[in-house]
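Right, one structure below, let's go through it.
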Amino acid sequence: MEEYEAWIMGLRLAIDMNIQELLVIRDSDILVHQVLGEWAAKNTKILPCLHCLQELIKRFTKIEFKHVPRIQNEFIYALSTLSSMIQHPDKNFIDPILIGIYKQPAYCAHVEEAIDGNLWFHNIKEYLEKGEYPESATHTQKLTL
């Protein structure tokens, strides 16, 4: 349901921006085929969303659909879930979400060395290699490891 709602919100935004040609990248072939009327929707709860999408796509001069496997589309999936959770007084508007793209994984930029000079995973690595807990580990820390 959130995917349909996010798609509706995205199409409405594109329409509000007077976009005439659109490439829609989705990780769900089912949704695309249902919206295009090629496959039937079994879940009656999504029918209002489905009909809304079918009406919205008619408002574009050219609209294409491209399938991207979900494993390659985790970021977009997270954004679609997030967008379906945001309530705004004006149903056709959503505040922009600023997203930074880094050239390295985020944990590399934020993890610092521990006081003892070892990296955060040192105790985990030691436990996996030797099967021994650190000498100063509490019962809770041992359970965590």
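Keep in mind that the numbers below use all heavy atoms, side chains included, and drop hydrogens, waters and symmetry copies. All values reported here derive from a predicted model rather than from experimental measurement.
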How long is the gap from [atom1] on [X] to [atom2] on [Y], to the nearest 0.5 Å?
| X | Y | atom1 | atom2 | answer |
| --- | --- | --- | --- | --- |
| Q54 | K58 | CD | NZ | 7.5 Å |
| Q20 | I15 | CD | CD1 | 9.5 Å |
| I19 | T61 | CD1 | OG1 | 11.5 Å |
| Q34 | D29 | CD | CG | 11.0 Å |
| K62 | L23 | NZ | CG | 9.5 Å |
| I57 | L22 | CD1 | CG | 10.5 Å |

(request) Grab the two heavy atoms, one from L53 and one from Y4, that are nearest each other, plus how far apart they are. (result) CD1-CD2, 3.3 Å

(request) Provide the closest heavy-atom pair for E5 versus C49 in the form atom of the first, atom of the second, distance. (result) CG-SG, 4.5 Å

(message) Run the side chain to side chain contact (heavy atoms under 4.5 Å, CB included) test on V24 and F60 for me, step by step, so that the C-alpha distance in whole Å, both residues' side-chain angles and the decisive distance to 0.1 Å come before the verdict.
(response) CA-CA 12 Å; V24 178; F60 294 92; over 6 Å; no

(request) Start with the C-alpha distance between R12 and M9, add both sets of side-chain angles, then the distance that settles side chain to side chain contact (heavy atoms under 4.5 Å, CB included), and finish with yes or no. (result) CA-CA 5 Å; R12 284 183 175 160; M9 191 176 292; 5.8 Å; no

(message) Taking CG in L47 as the centre, count heavy atoms belonging to other residues, nucleotides or ligands within less than 6.0 Å. Is the count above 12?
(response) yes

(message) Please say yes or no: joined through hydrophobic side-chain contacts below 4.5 Å, possibly via intermediate residues, are W39 and W7 part of one cluster?
(response) no

(message) Please say yes or no: joined through hydrophobic side-chain contacts below 4.5 Å, possibly via intermediate residues, are L36 and L56 part of one cluster?
(response) yes

